[in-house]
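Counting convention: from 1, in listed order, for ligands and their atoms alike.
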Amino acid sequence: MRVLGIETSCDETAAAIVLREADGAGHILSNVVLSQLAEHSAYGGVVPEIAARAHVEALDTLIARALAEAGLGFDALDGVAATAGPGLIGGLLVGLMTGKAIALARGLPFVAVNHLEAHALTPRLSDAVTFPYLVLLVTGGHTQLVAVSDVGRCERYGGTVDDAVGEAFDKAAKMLGLGWPGGPAVEKRAARGNAAAIDLPRPMVGRSGADFSFSGLKTALRIEAERRAPLDEATISDLCASFQAAIVDCLVDRTGHGLQRFIEETGERRPILVVAGGVAANSAVRRALEGFAESHDARLVAPPLDLCGDNAAMVAWAGAERLARGLTDSLDAPARARWPIDEIRTA
Ligand code: KG4
Ligand code: ZN
């Protein structure tokens with residue numbers, strides 16, 4: 001089954017073709033992503049109206065490129081999948097309308113994909129992971145621990161009560177004058193700094209449940225930065241290293257609570273822990289989770305970097321997984337700015 005996927009929920013315009021074999025194996029035939037970084041960097045964040053217009057301008061060409069790179073025409077497709085939410089409504093409408101139009105014109109089944117489920121199902125495409133597994137989803141907009149027991153069966157164990165972890169990285173970088181997006185910039189500076197130099201809080205650590213909180217950490221960073229102003233290069237690096245270390249501690253602690261519940265509920269002896277989303281590109285985060293998994297007899301799966309950030313292969317794949325189960329959506333499926341992962345329709 002060959003599925004075209006379209007992703008326009010935030011600031012990446014993306015199109016991809018994925019092949020799902022009858023036995024469930026997945027192959028990426030093409031995966032084209034156009035980042036709008038340059039359009040938004042002057043504003044220090046994503047501007048919804050600019051994003052929507054940029055999607056309109058780029059999407060047709062990207063879909064043509066995805067087909068060309070896969071060596072396929074529209075005739076070779078078995079379905080079309082587009083992200084319907086959650087995300088910025090203007091961008092979602094662009095991708096959703098385009099996907100529906102192609103499906104209608106070509107008489108193809110259509111799938112309205114939940115962006116979070118697409119992230120959560122990615123390890124089945126990249127690493128042929130089997131259900132059930134626990135996902136730590138860490139992006140610019142979301143920070144959640146989700147138990148995935150089947151397509152459309154995701155249980156949210158916990159999430160952030162304030163900022164998403166990627167957002168915290170982005171705000172820290174902005175505060176320290178490191179530009180946007182912040183995660184890669186903070187990671188780069190952290191490599192040169194001393195993580196023990198500045199004492200920062202670890203919000204939620206030790207608490208029961210699997211929720212996260214990062215706004216107190218962000219405020220603490222601001223106070224420490226103001227106290228040391230004007231900042232020299234070495235201090236900026238120390239602030240980044242200390243901040244990143246605090247985030248890593250929070251992620252590991254909350255994941256520990258989530259994994260404990262997952263084991264209790266599933267009885268898995270060697271539980272699978274997946275880390276997905278843009279922040280999974282952070283090597284300190286990956287290293288810490290590897291150590292955590294090893295000491296908890298868990299198997300850590302971290303999809304390759306180009307599948308961790310926003311992309312359309314994950315959308316095409318989520319579409320293929322749904323189509324393989326006979327799950328399709330009608331052409332009046334709405335775009336949804338808010339669409340929690342545990343409110344996905346399964347039948
Ligand atoms: O999943 P993603 O590409 O987009 C969504 O938010 O859905 O994630 C982007 C986020 C941004 O906040 C970015 O700063 C963060 O992931 N990020 C990182 C790193 N690379 C990207 N955070 C920390 N370290 C990184 N190396
Ligand atoms: Zn995402």
If you measure every N or O of [X] against every N or O of ligand 1, does any of those distances drop under 3.5 Å?
| X | value |
| --- | --- |
| G140 | yes |
| G277 | no |
| E12 | no |
| G278 | yes |

Checklist entry - Between F131 and Y133, how do the two ring planes meet: parallel, tilted or perpendicular, split at 30° and 60°? => result parallel
Starting from [atom], locate the nearest protein heavy atom and write down its residue, its atom name and how far away it is, to 0.1 Å.
| atom | value |
| --- | --- |
| atom 26 (N) of ligand 1 | E187 OE1, 2.7 Å |
| atom 11 (C) of ligand 1 | D170 OD2, 3.7 Å |
| atom 24 (N) of ligand 1 | N282 ND2, 3.0 Å |
| atom 25 (C) of ligand 1 | G183 C, 3.6 Å |

Item to check | Atom CZ of R153 with >12 non-hydrogen neighbours under 6.0 angstrom | outcome: no
Next on the checklist: For C10, state whether at least one heavy atom is located under 4.0 Å from any atom of ligand 1.
Outcome noted: no
Checklist entry - Do we see a donor-acceptor contact under 3.5 Å between the side chains of E7 and N311? => result no
Item to check | Test item: side-chain donor near acceptor, D211 and H257, under 3.5 Å | outcome: no
Checklist entry - Among L88, T13, T98, whose side chain to side chain contact (heavy atoms under 4.5 Å, CB included) with H55 holds? => result T13
Next on the checklist: Give the atom numbers and elements of ligand 1 that come within less than 4.0 Å of a heavy atom of D310.
Outcome noted: 1 (O), 2 (P), 3 (O), 4 (O), 5 (C), 7 (O)
Item to check | Per-atom contacts, ligand 1 versus G141 - under 4.0 Å to a heavy atom | outcome: 6 (O)
Checklist entry - What residues join V32 in its hydrophobic cluster, counting side-chain heavy atom gaps under 4.5 Å, either direct or through other members? => result L34, L62
Next on the checklist: Using a 4.5 Å cut-off between side-chain heavy atoms of Ile, Leu, Val, Met, Phe, Trp and Tyr, which other residues end up in the same hydrophobic cluster as M1?
Outcome noted: V3, V111, V113, M314, V315, L323
[Y]/[X] salt bridge by N-O under 4.0 Å criterion:
| X | Y | value |
| --- | --- | --- |
| E268 | R299 | no |
| R228 | D238 | no |
| D249 | R202 | yes |

Next on the checklist: How close do F110 and A103 get, counting heavy atoms only, and between which atoms?
Outcome noted: CB-CB, 3.9 Å
Checklist entry - Near the Zn ion (ligand 2), which protein N/O/S atoms fall under 2.8 Å? => result H115 NE2, H119 NE2, D310 OD1
Item to check | For ligand 1, the portion of V279 having any non-hydrogen atom under 4.0 Å away | outcome: both
Would you be so kind as to tabulate the donor-acceptor pairs closer than 3.5 Å made by side chains of residues 16-23, with sequence neighbours excluded?
residue: R20; atom: NE; partner: E321; partner atom: OE1; Å: 3.4
residue: E21; atom: OE2; partner: H27; partner atom: NE2; Å: 2.4
residue: D23; atom: OD1; partner: A25; partner atom: N; Å: 2.9

